[in-house]
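In what follows, residues are counted from 1 in the order of the sequence shown.
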Amino acid sequence: MGAIFPPHSLSPLLNIKPSPSRILLAPSPQPKSNSLFCSKPIVSSLRKNQTSSPKPSCTTWLSHAQQGLAALAISLALNFSPVLFSDNALASEFDVLNEGPPQESYVVDDAGVLSRVTRSDLKRLLSDLESRKNFHINFITVRKLTSKADAFEYADQVLERWYPSVEEGNNKGIVVLITSQKEGAVTGGPAFVQAVGENILDATVSENLPVLATDEKYNEAIYSTAKRLVAAIDGLPDPGGPSFNDNKRESNFKTKEETEEKRGQFTLVVGGLLVIAFVVPMAQYYAYVSKK
């Protein structure tokens, strides 16, 4: 393979600086080269005072193309990333199942609606119950359910996942509150259900959890449910559910007597207007004719 040298007639005028990475090919009889590699431009020594901007080489063009493809890939990833984040937000119920029961507390506040004071009060109340009666109750808040139809099915699923055997879940209780659906459920092992009783279980899921959650009083809904369950296990009187203010609103509808009175007055007014509308024009016409 030979090297390419410029003609002798042009050697005094041209200063060729070959690139170190340039591939030298043998002379070809064809007037145009088909090589894909580009060399640096040749600058005449007679035009040293003029500034020249060399054209971008093929290597530079390929580098720009690679950077463009990388930018396109990043843009596509950012465009599709919100879908992945929204799916993870909706899948928080599965995170509760996979993480298992809490080790240092009795609360899994996945919905983020419980205050620090409520967490502290629950821990003190439920730890005292567990030390005295050996009953363990877990409280769970979830924003929305996507896998189960209601809170009861999800509560049973949590109980089975966290305590797979009857021995493990015999004295365990699970309380679930779904904040977006404003409903809750209470479930547990055989010993827990027997200690609380069916009446208190039904009362908590029909009074404490849904009623207070409707008013977005999630802290009160959880803590009042805990006190009611603990009182039932201890055999104490039921503290009851939330109190209601039965304030009767005044009705905008009229009574039957008022309607009949208004109807009679309306009939008299309409009758008088009809008489005036017919009698007055006739009297005027009669007076006009009699003058002629």
Side-chain angles (χ1 to χ4, degrees), residues 92-93 95-143 145 148 150-179 183-213 217-242:
S92 60
E93 57 188 290
D95 297 335
V96 174
L97 291 172
N98 297 328
E99 290 176 0
Q103 301 298 329
E104 299 180 358
S105 65
Y106 300 83
V107 180
V108 179
D109 186 22
D110 187 75
V113 295
L114 300 182
S115 64
R116 183 178 301 178
V117 176
T118 302
R119 291 169 174 267
S120 178
D121 293 341
L122 285 173
K123 184 176 181 179
R124 182 175 60 255
L125 179 65
L126 299 177
S127 61
D128 178 70
L129 173 68
E130 187 173 10
S131 63
R132 293 184 295 102
K133 299 291 185 177
N134 195 26
F135 283 100
H136 185 95
I137 308 176
N138 292 306
F139 285 80
I140 304 170
T141 64
V142 181
R143 290 182 295 272
L145 291 181
K148 296 298 179 182
D150 53 23
F152 292 96
E153 293 185 8
Y154 183 70
D156 291 337
Q157 185 181 14
V158 172
L159 181 66
E160 295 175 359
R161 178 70 66 85
W162 288 4
Y163 310 105
S165 63
V166 179
E167 292 77 11
E168 292 177 341
N170 185 38
N171 59 342
K172 304 298 191 302
I174 301 293
V175 180
V176 175
L177 175 63
I178 313 301
T179 57
E183 66 175 6
V186 181
T187 187
F192 173 80
V193 174
Q194 184 179 0
V196 176
E198 294 291 341
N199 295 332
I200 300 299
L201 292 175
D202 295 338
T204 53
V205 298
S206 61
E207 298 174 4
N208 297 76
L209 295 176
V211 173
L212 294 173
K217 298 179 180 179
Y218 304 116
N219 291 273
E220 185 177 354
I222 292 295
Y223 191 65
S224 63
T225 301
K227 292 192 299 182
R228 204 166 185 179
L229 294 175
V230 172
I233 295 175
D234 288 335
L236 300 176
D238 182 20

Checklist entry - Considering the options Leu212, Leu209, Thr179, which one meets the side-chain contact (heavy atoms from CB on, under 4.5 Å) requirement together with Tyr218? => result Thr179
Smallest separation among heavy atoms of [X] and [Y], with atom names:
X	Y	value
Thr141	Gly112	OG1-N, 4.3 Å
Leu97	Trp162	O-NE1, 3.5 Å
Asn138	Pro101	ND2-CB, 4.3 Å
Ala231	Pro237	CB-O, 4.0 Å

Checklist entry - Can you tell me if CD on Glu130 sees more than 12 non-hydrogen neighbours from other groups inside 6.0 Å? => result yes
Next on the checklist: Is it the case that atom CG in Asn98 sees more than 12 heavy atoms from other parts of the structure closer than 6.0 Å?
Outcome noted: yes
Item to check | Working for side chain to side chain contact (heavy atoms under 4.5 Å, CB included), residues Ile233 and Val196 | outcome: CA-CA 5 Å; Ile233 295 175; Val196 176; 3.8 Å; yes
Next on the checklist: Considering only residues two or more places apart or on different chains, which pairs with a residue in residues 107-131 satisfy ring-ring contact (aromatic ring centres under 6.0 Å, His included)?
Outcome noted: none
Item to check | Sequence neighbours excluded, every pair satisfying ring-ring contact (aromatic ring centres under 6.0 Å, His included) that has a member inside residues 107-131 | outcome: none
Checklist entry - Are any side-chain N or O atoms of Asp110 and backbone N or O atoms of Val142, one a donor and one an acceptor, separated by less than 3.5 Å? => result no
Checklist entry - Would you find a donor on one side and an acceptor on the other, under 3.5 Å apart, between the side chain of Tyr154 and the backbone of Glu93? => result yes
Checklist outcome for this item: Across all chains, not counting sequence neighbours, the ring pair (Phe, Tyr, Trp, His ring centres under 6.0 Å) partners of Tyr106 are His136
Item to check | Value rounded to 0.5 Å, distance of CD in Gln157 from CG in Leu145 | outcome: 9.5 Å
Item to check | Spatial distance of atom CD1 (Ile174) from atom CG (Leu159) [nearest 0.5 Å] | outcome: 5.5 Å
Checklist outcome for this item: So side-chain hydrogen bond (donor to acceptor under 3.5 Å, both in side chains) across residues 219-231, not counting sequence neighbours, yields Ser115-Asn219, Thr118-Asn219, Glu207-Arg228, Asn208-Ser224, Asn208-Arg228, Arg228-Asp238
Can you list the residues that meet the side-chain contact (heavy atoms from CB on, under 4.5 Å) rule with [X], with sequence neighbours excluded?
X	result
Val107	Asp109, Leu114, Leu122
Glu153	Lys148, Ala149, Asp150
Pro210	none
Glu99	Asp95

Checklist entry - Stepwise, does the side chain to side chain contact (heavy atoms under 4.5 Å, CB included) test hold for Leu126 with Phe139? => result CA-CA 10 Å; Leu126 299 177; Phe139 285 80; 3.7 Å; yes
Taking salt bridge (charged side-chain N to carboxylate O under 4.0 Å, His left out) as the test, write out the residues that go with [X], two or more places apart.
X	answer
Arg116	none
Asp202	none
Arg132	Asp128, Asp234

Item to check | Residue pairs, two or more places apart or on separate chains, that pass salt bridge (charged side-chain N to carboxylate O under 4.0 Å, His left out) and touch residues 155-168 | outcome: none
Item to check | Full working for side chain to side chain contact (heavy atoms under 4.5 Å, CB included) between Phe192 and Ile137 | outcome: CA-CA 9 Å; Phe192 173 80; Ile137 308 176; 3.7 Å; yes
Item to check | Beyond-backbone contact of Leu201 with Leu229, side-chain heavy atoms, under 4.5 angstrom | outcome: yes
Item to check | Trace of the side chain to side chain contact (heavy atoms under 4.5 Å, CB included) decision for Val193 with Glu198 | outcome: CA-CA 7 Å; Val193 174; Glu198 294 291 341; 3.6 Å; yes
